[in-house]
Amino acid sequence: MQLFEMNRRSSTLKKLLFVGWVLLLGASANANANASASASAQDEVLANELQLTGELTQGSLIRGTLPVGSEIKLNGKNIKISSAGDFVFGFGRDAKLNHVVEYRLPTQSAFQKKTLTLSAREYDIQRIEGVAKKYVSPPAEVTKRIQADNRKIAKARATVSDLTAFQSDFILPSKGRISGVYGSQRVFNGQPRRPHFGLDVAAPIGTAVVAPADGVITLVHNDMYYSGGTLIMDHGMGVSSTFIHLSKIHVKEGEVVKQGQLIADIGATGRVTGPHLDWRINWFKERLDPALLVELPSAGSVD
Ligand SMILES: [Zn+2]
């Protein structure tokens, strides 16, 4: 419940353009303060060369622009920047809280340095004691298959394209009940399981899955061991969406798709307990929270 509240605030926040450092607001600011900050920010937009959109928190995708010909580094590593000055990076579930951004305009000889401080997330952790000691691991004969699946997924997520579709607003790819959130984790008998990294939308098999933003399809697989029908699309410069447990996929690898276009149907394939879409967002290997990018339906709503 707490996480839903936070996500709702975040999706309001992402409507605003955050400029520079002063206006990268945490989730605690109220909506009115944000609105007036945004209005007064309009004047600063022209004066401030570095523009960032996103919430400075763990799991967040940060999108930005700099003047044409600029360079940017994150924690000492070069970040790809488009010919128009677009760039993007993301912070994982348990990312450290302090990061250093350095950027240099074409007119400057030295890099300017800024520190980004993330807010720490509180994830939904369920501690369950007294779980039977049955260790659930996949049967040996499927190990090779799982490794092959993982290699294909890793390859698709390593795609570096010049697309800048990630700069647009994203939309929720399916209608349904939000049945699982990013970052949640179960701890059985004190042993943490793998956290959940997707946003789950529960809906009947056959429910439409549409593209949350423009992009190019980089992976289509109808039967992966864990994820079943699996689709990955590239939104540019390392940002990808992954959709899993699909019953049907309507697009092919290499296909260019537009936001809102039907790409697949919800299913219950792979290792699942019921039909749902599990939608993930990555910046390369970093697993990010899709809920920070979209408006979520209010709890219990099916529209
Ligand atoms: Zn899921």
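All of these numbers come straight from a predicted model, not from anything done at the bench. Whatever order the structure lists them in is the order used to number ligands and atoms, beginning at 1. For this chain, numbers begin at 1 and follow the sequence in order.
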### Task
Indicate yes or no: does E71 engage R104 in a salt bridge with an N to O separation below 4.0 Å.
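So E71 pairs with R104 through a salt bridge.
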#### Entry: R63/D86 salt bridge by N-O under 4.0 Å criterion
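Answer for the salt bridge query: no.
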### D200 atom (N/O/S) at minimal separation from the Zn ion (ligand 1)
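Result: OD1.
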### Message
Which atom name would you report as the N, O or S atom of D278 nearest the Zn ion (ligand 1)?
### Response
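Closest N, O or S atom of D278 to the Zn ion (ligand 1): OD2.
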### Metal check, the Zn ion (ligand 1) vs H276 N/O/S, cut-off below 2.8 Å
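False for H276.
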### Query
Any cation-pi pair here, R145 with Y225, using under 6.0 Å and within 45°?
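No cation-pi geometry.
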### Query
Please walk me through it: do H235 and F170 pass ring pair (Phe, Tyr, Trp, His ring centres under 6.0 Å)?
CA-CA 10 Å; H235 302 299; F170 282 64; 5.2 Å; yes
